[in-house]
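Quick note on labels: first sequence line is chain A, next is B, and so on, each numbered from 1.
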2 protein chains.
Amino acid sequence: MATGRTHRPATRSRGIPEATVARLPLYLRALTALSERSVPTVSSEELAAAAGVNSAKLRKDFSYLGSYGTRGVGYDVEYLVYQISRELGLTQDWPVVIVGIGNLGAALANYGGFASRGFRVAALIDADPAMAGKPVAGIAVQHTDELEKIITDNGVSIGVIATPAGAAQQVCDRLVAAGVTSILNFAPTVLTVPDGVDVRKVDLSIELQILAFHEQRKAGEDAGHDDEESDDARAVAAREARRAVREVREAAAKGAPAADAPAGASDRKGPDGDVPAVMPA
Amino acid sequence: MATGRTHRPATRSRGIPEATVARLPLYLRALTALSERSVPTVSSEELAAAAGVNSAKLRKDFSYLGSYGTRGVGYDVEYLVYQISRELGLTQDWPVVIVGIGNLGAALANYGGFASRGFRVAALIDADPAMAGKPVAGIAVQHTDELEKIITDNGVSIGVIATPAGAAQQVCDRLVAAGVTSILNFAPTVLTVPDGVDVRKVDLSIELQILAFHEQRKAGEDAGHDDEESDDARAVAAREARRAVREVREAAAKGAPAADAPAGASDRKGPDGDVPAVMPA
DNA sequence: ATGTCTTTGTGAACGCGTGCACAAAGATGG
DNA sequence: CCATCTTTGTGCACGCGTTCACAAAGACAT
Ligand SMILES: NC(=O)c1ccc[n+]([C@@H]2O[C@H](COP(=O)([O-])OP(=O)(O)OC[C@H]3O[C@@H](n4cnc5c(N)ncnc54)[C@H](O)[C@@H]3O)[C@@H](O)[C@H]2O)c1
Ligand SMILES: NC(=O)c1ccc[n+]([C@@H]2O[C@H](COP(=O)([O-])OP(=O)(O)OC[C@H]3O[C@@H](n4cnc5c(N)ncnc54)[C@H](O)[C@@H]3O)[C@@H](O)[C@H]2O)c1
């Protein structure tokens with residue numbers, strides 16, 4: 001290269017921040033819903049509300065796409081759906097294999113949302129000989145012996161691991177050796193993979209533990225240990241949260257069986273992005 | 001309040017960064033494994049390797065806990081297990097309800113890792129009258145009508161939503177109104193909750209789409225559109241990734257059925273937390 | 001055409017998270 | 001008791017992500 005200089009504003013270089021990529025599916029979902037209701041255009045404010053994010057963030061995200069809105073009007077829904085789909089690589093078909101067809105693997109296989117976005121379950125693989133041939137979600141389960149052949153024949157590049165933790169690394173190694181370069185791991189293990197292979201993990205246990213941490217803070221500090229009550233931002237925030245929680249609890253106790261929920265406007269607590277689920281962040 | 005000023009350095013207030021909290025379960029898992037092998041102490045370097053994180057990061061994380069290691073030796077495994085468990089609130093029992101006992105809900109109910117860490121499935125709830133009374137994972141499914149009573153009677157503060165997307169917000173509202181203040185949502189919807197309620201989401205579809213994005217970049221840019229090939233950091237990183245992927249693919253093609261994986265030392269690609277894999281520097 | 005009004009696109013500031021690098025702490029051996 | 005060696009705890013710098021705030025762009029009315 002070398003030609004490049006900093007004075008190139010890089011108006012449209014192909015550099016999309018990871019945080020933005022993680023939000024694109026969220027926008028896409030909201031846009032798809034609008035599209036189904038035949039809404040022609042949407043403002044950043046509206047769409048941001050639907051996706052549960054800040055509108056400035058959304059606009060900046062779209063600016064990375066080079067996506068063009070129309071000032072004074074908003075974004076064209078159909079156009080955005082297409083742009084985001086293309087950017088995410090959803091205009092092509094992605095064959096996926098699921099390895100480990102137990103409770104979870106079977107549920108995943110049955111999951112409809114799979115096919116809805118260009119992902120196709122190419123094969124279900126399990127090590128249990130008794131499973132071989134048995135149909136799950138309309139697909140016959142194949143034995144692990146066939147793994148390499150399946151990957152190669154179908155050009156599979158995305159694999160889902162739903163085996164017990166003990167088998168995960170071994171399965172991962174075989175998948176990678178066979179040509180898989182993206183793995184979604186449901187087993188509670190840290191997978192080691194070579195460079196160039198992406199791993200994302202979904203760990204129910206971790207999610208619950210994170211919730212428990214916050215739960216403990218909300219409930220615990222309320223009455224618990226009274227020593228060391230320094231005043232710092234965090235403590236203040238915690239106190240505020242406690243108050244909010246107490247309000248919720250009181251409202252709950254008061255009756256109001258279903259929803260008198262102030263779902264309307266005011267306070268939306270961001271189920272948003274940060275530290276999403278999987279990651280961590 | 002009010003007394004607080006900015007000039008308070010807040011040396012050791014109870015302020016644990018969210019990113020750290022998200023990693024604690026990871027450390028805990030690695031430590032538990034060590035504990036089962038009766039390993040007495042572990043260095044930050046070893047533990048970091050086991051958890052798939054940077055050792056400096058790990059040490060800093062532990063420093064927030066006020067956790068004390070011993071210089072020249074490392075950390076006491078048992079002590080750390082206890083400290084982290086306590087910090088995460090795992091020393092107490094957390095009753096959890098699962099709402100929506102379909103494919104996924106049933107799999108979650110059957111999941112053993114649930115109980116292993118202080119989480120107890122207090123009830124399974126479904127709106128389908130046909131499900132009522134049917135045992136799943138040894139627990140009789142209860143009808144949604146009982147939701148409020150179940151929450152109240154069992155003091156449930158954590159709820160798992162595994163219903164179809166359309167019902168999620170409504171179920172969420174009822175859970176919150178009944179007193180639940182932490183929700184783990186598997187339905188592909190943005191939930192709106194009042195302040196003080198935590199929501200975490202697990203969305204398979206989003207994970208796959210993120211993988212597809214990187215997959216497209218790896219495979220696509222290789223041959224695809226040749227116009228506009230500017231030189232910027234991102235492009236360089238992508239190119240590097242492509243090379244790595246090609247190597248993997250070639251190795252795969254060459255045979256090597258299982259693992260000749262260089263799992264050894266060198267390149268562990270962070271399955272870690274944030275933005276796991278590609279992470280273009 | 002011109003003015004007004006809405007909404008985008010982004011410059012800039014800020015805060016958080018990460019990782020380097022090193023001084024201090026303590027164990028261990030002589 | 002001192003020297004050496006290991007490993008922690010953290011100060012610091014850097015980069016990413018978020019958010020504010022506003023100028024510019026364009027629609028729309030007059
Ligand atoms: N069930 C859940 O809700 C849930 C939630 C979170 C995480 N997980 C994790 O997901 C994984 C699967 O959970 P599950 O409840 O479905 O377990 P399961 O025991 O029901 O299913 C595991 C399946 O993997 C198969 N298997 C074992 N070794 C294999 C191998 N080497 N190659 C291919 N297949 C192999 C088994 O034959 C079995 O069918 C576990 O690691 C679990 O910790 C499950
Ligand atoms: N199955 C998966 O692997 C998977 C993966 C990712 C996300 N999801 C999501 O998880 C959710 C459940 O998926 P599934 O495959 O188990 O669907 P499912 O249709 O098999 O199960 C849904 C269950 O929820 C019950 N239900 C419906 N409305 C209810 C209400 N108002 N209150 C209580 N229960 C109610 C239904 O009776 C049914 O038993 C869906 O939103 C799906 O998009 C599933």
Side-chain angles (χ1 to χ4, degrees), chain A residues 6 9-13 15-24 27 40-49 51-77 79-80 83 233-234 237 270 272-276 279-281, chain B residues 6 9-12 15-24 27 40-49 51-77 79-80 83 232-234 237 268 270 272-276 278-281:
Chain A
T6 13
T11 319
R12 176 74 44 67
S13 65
I16 302 180
E18 194 54 33
T20 295
V21 172
R23 280 188 295 267
L24 290 182
Y27 301 146
T41 62
V42 63
S43 72
S44 64
E45 207 69 52
E46 294 166 333
L47 185 54
V53 304
N54 182 297
S55 71
K57 194 188 293 185
L58 178 142
R59 286 198 298 277
K60 182 148 289 188
D61 283 342
F62 285 173
S63 79
Y64 293 122
L65 290 189
S67 172
Y68 298 174
T70 309
R71 300 179 187 223
V73 175
Y75 299 90
D76 183 279
V77 172
Y79 181 69
L80 258 191
Q83 283 299 329
R234 188 75 55 157
D272 163 71
D274 319 38
V275 188
M279 114 187 124
Chain B
T6 14
T11 318
R12 175 68 47 65
I16 301 179
E18 193 55 33
T20 295
V21 172
R23 280 187 294 269
L24 290 181
Y27 302 145
T41 62
V42 64
S43 72
S44 64
E45 207 70 53
E46 294 166 333
L47 186 55
V53 303
N54 181 294
S55 71
K57 194 189 294 186
L58 178 143
R59 287 197 297 277
K60 183 152 292 190
D61 282 343
F62 285 173
S63 79
Y64 292 122
L65 289 189
S67 173
Y68 299 172
T70 309
R71 299 179 186 222
V73 177
Y75 298 90
D76 183 279
V77 172
Y79 181 67
L80 258 192
Q83 283 298 329
D232 79 289
R234 188 75 54 157
R268 183 204 307 99
D272 161 39
D274 321 26
V275 189
V278 171
M279 188 52 180

With a 4.5 Å heavy-atom cut-off, do Tyr75(A) and Ser43(A) have their side chains touching?
-> no
Find the distance Glu45(A):CD to dC20(D):P and express it as a whole number of Å.
-> 11 Å
What's the closest nucleotide to the Lys57(B) side chain, out of dT18(C), dT19(D), dT8(C)?
-> dT18(C)
Is there a donor N/O on one and an acceptor N/O on the other, under 3.5 Å, for the side chain of Lys60(A) and the base of dG17(D)?
-> no
Could you check how far CG of Leu58(B) sits from C1' of dT10(D), rounded to whole Å?
-> 14 Å
Which whole-number value in Å describes the distance from Leu24(A) CG to dG17(D) P?
-> 13 Å
Partners passing side chain to side chain contact (heavy atoms under 4.5 Å, CB included) against Thr70(A) (at least two apart in sequence or in another chain) = Val73(A)
Examine dC20(D): is either OP1 or OP2 under 4.0 Å from a nitrogen or oxygen in the side chain of Asn54(A)? Give yes or no.
-> yes
side-chain hydrogen bond (donor to acceptor under 3.5 Å, both in side chains) with Thr41(B): which residues, sequence neighbours excluded?
-> none
Under-3.5 Å N/O pairs linking protein and nucleotides 21-25 of chain C:
from, atom 1, to, atom 2, distance (Å)
dA21(C), N6, Arg59(B), NH2, 3.3
dA24(C), N3, Arg71(B), NH1, 2.8
dA25(C), O4', Arg71(B), NE, 3.4
dA25(C), O4', Arg71(B), NH1, 3.4

Taking side chain as C-beta onward, heavy atoms only, is Ser55(A) less than 4.5 Å from Arg59(A)?
-> yes
Among dA27(C), dA27(D), dG19(C), the nucleotide that comes nearest once only the side chain of Val73(B) is considered = dA27(C)
Remember a base hit wins even if backbone is also touched, and classify Phe62(B) as base, sugar-phosphate or nothing at under 4.0 Å, heavy atoms.
-> nothing
Taking the side chain as C-beta and beyond, is there a heavy-atom pair between Leu65(B) and Leu24(B) under 4.5 Å?
-> yes
Quick one: Leu80(A) CG to dT8(C) P, roughly how many Å, whole number?
-> 11 Å
Position toward the 5' end of DNA chain D (nearest nucleotide), Thr70(A) or Asp61(A) | Asp61(A)
Are OP1 or OP2 of dG9(D) and a side-chain N or O of Tyr75(B) less than 4.0 angstrom apart?
-> yes
Nucleotide nearest Ser44(B) when distance is taken to its side chain, options dG19(C), dT8(D), dG17(D) | dT8(D)
Between CD of Glu18(B) and C1' of dG17(C) the distance, given in whole Å, is 12 Å
Show your working on ring pair (Phe, Tyr, Trp, His ring centres under 6.0 Å) between Phe62(B) and Tyr27(B) and close with a plain yes or no.
-> CA-CA 10 Å; Phe62(B) 285 173; Tyr27(B) 302 145; 5.2 Å; yes
